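Each ligand, and each atom within it, is numbered from 1 in the order the structure gives. In this text, all values refer to a predicted model and were calculated from it rather than measured experimentally.
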Amino acid sequence: MLSERMLKALNEQLNKELFSAYFYLGIAAYFKERNLDGFATWMEAQAEEELGHAMKFYDYIFDRNGRVELERIEKPKQTFESPLKAFEAVYLHEVGVTQSIFKLVALAREENDYATEQFLQWFVEEQVEEEASTKAILDKLKIIGDHPQGLFMLDRELKARTPKLRTLLQGGGQ
Ligand code: FEO
């Protein structure tokens with residue numbers, strides 16, 4: 001059984017992951033409006049992944065006989081000065097999520113909740129990846145600077161990441 005504190009913290013993280021999905025979808029829309037479809041596709045795939053993260057917390061709370069409490073999801077930002085600024089926001093967001101996961105691990109340790117600590121290990125590793133992949137794109141954008149050609153090349157590169165759920169719903173995942 002989860003302690004009250006642990007349950008509250010897990011529900012808060014569930015909300016943060018749902019917000020993350022919304023956060024990425026907002027940025028996807030920003031890129032889509034600018035016809036940067038590769039960037040938009042990458043963000044849409046990320047939004048789906050965040051929904052997957054939220055569902056992991058949702059399932060885990062039930063597995064431990066806890067009550068899922070869904071809260072209001074904050075409105076995400078949809079306007080940015082530039083693709084670089086959008087990716088700066090993305091990177092900072094992931095750094096914040098990492099801190100949030102670390103706090104959960106610390107709480108699980110404090111509560112001697114070994115099951116939750118174990119559950120969170122997947123997220124600890126995932127955050128290393130998330131920070132690395134977003135930082136790599138951010139660094140490329142810094143190199144590209146004001147050169148549209150470089151931006152279009154990166155846009156093509158990012159298109160390789162397809163949103164799986166969406167492809168499946170559109171009948172393309174057979
Ligand atoms: Fe769910 Fe991007 O961390």
Report summary line: Residues at least two apart in sequence or cross-chain that pass side chain to side chain contact (heavy atoms under 4.5 Å, CB included) with Lys159, listed by chain then number, are Asp37, Thr41
**Report entry** Under the side chain to side chain contact (heavy atoms under 4.5 Å, CB included) test, residues paired with Thr116 that sit two or more places apart
**Finding:** Leu2, Met6, Leu10, Tyr60, Arg64, Ala108, Asp113, Leu120
Query - Residue-atom pairs from the protein, N, O or S only, that lie under 2.8 Å from atom 1 (Fe) of ligand 1 - result: Glu17 OE1, Glu50 OE1, His53 ND1
Query raised in the report: Do Ser20 and His53 pass the side chain to side chain contact (heavy atoms under 4.5 Å, CB included) test, and can you show the C-alpha distance, the side-chain angles, and the key distance before you say yes or no?
Result: CA-CA 9 Å; Ser20 290; His53 295 174; over 6 Å; no
Query raised in the report: Got more than 12 heavy atoms from elsewhere within 6.0 Å of CZ, Phe62?
Result: yes
**Report entry** salt bridge (Lys or Arg N to Asp or Glu O under 4.0 Å) partners for Glu131, two or more places apart
**Finding:** none
Query raised in the report: Closest approach of Ile73 and Tyr22, non-hydrogen atoms and distance?
Result: CG2-CD2, 3.9 Å
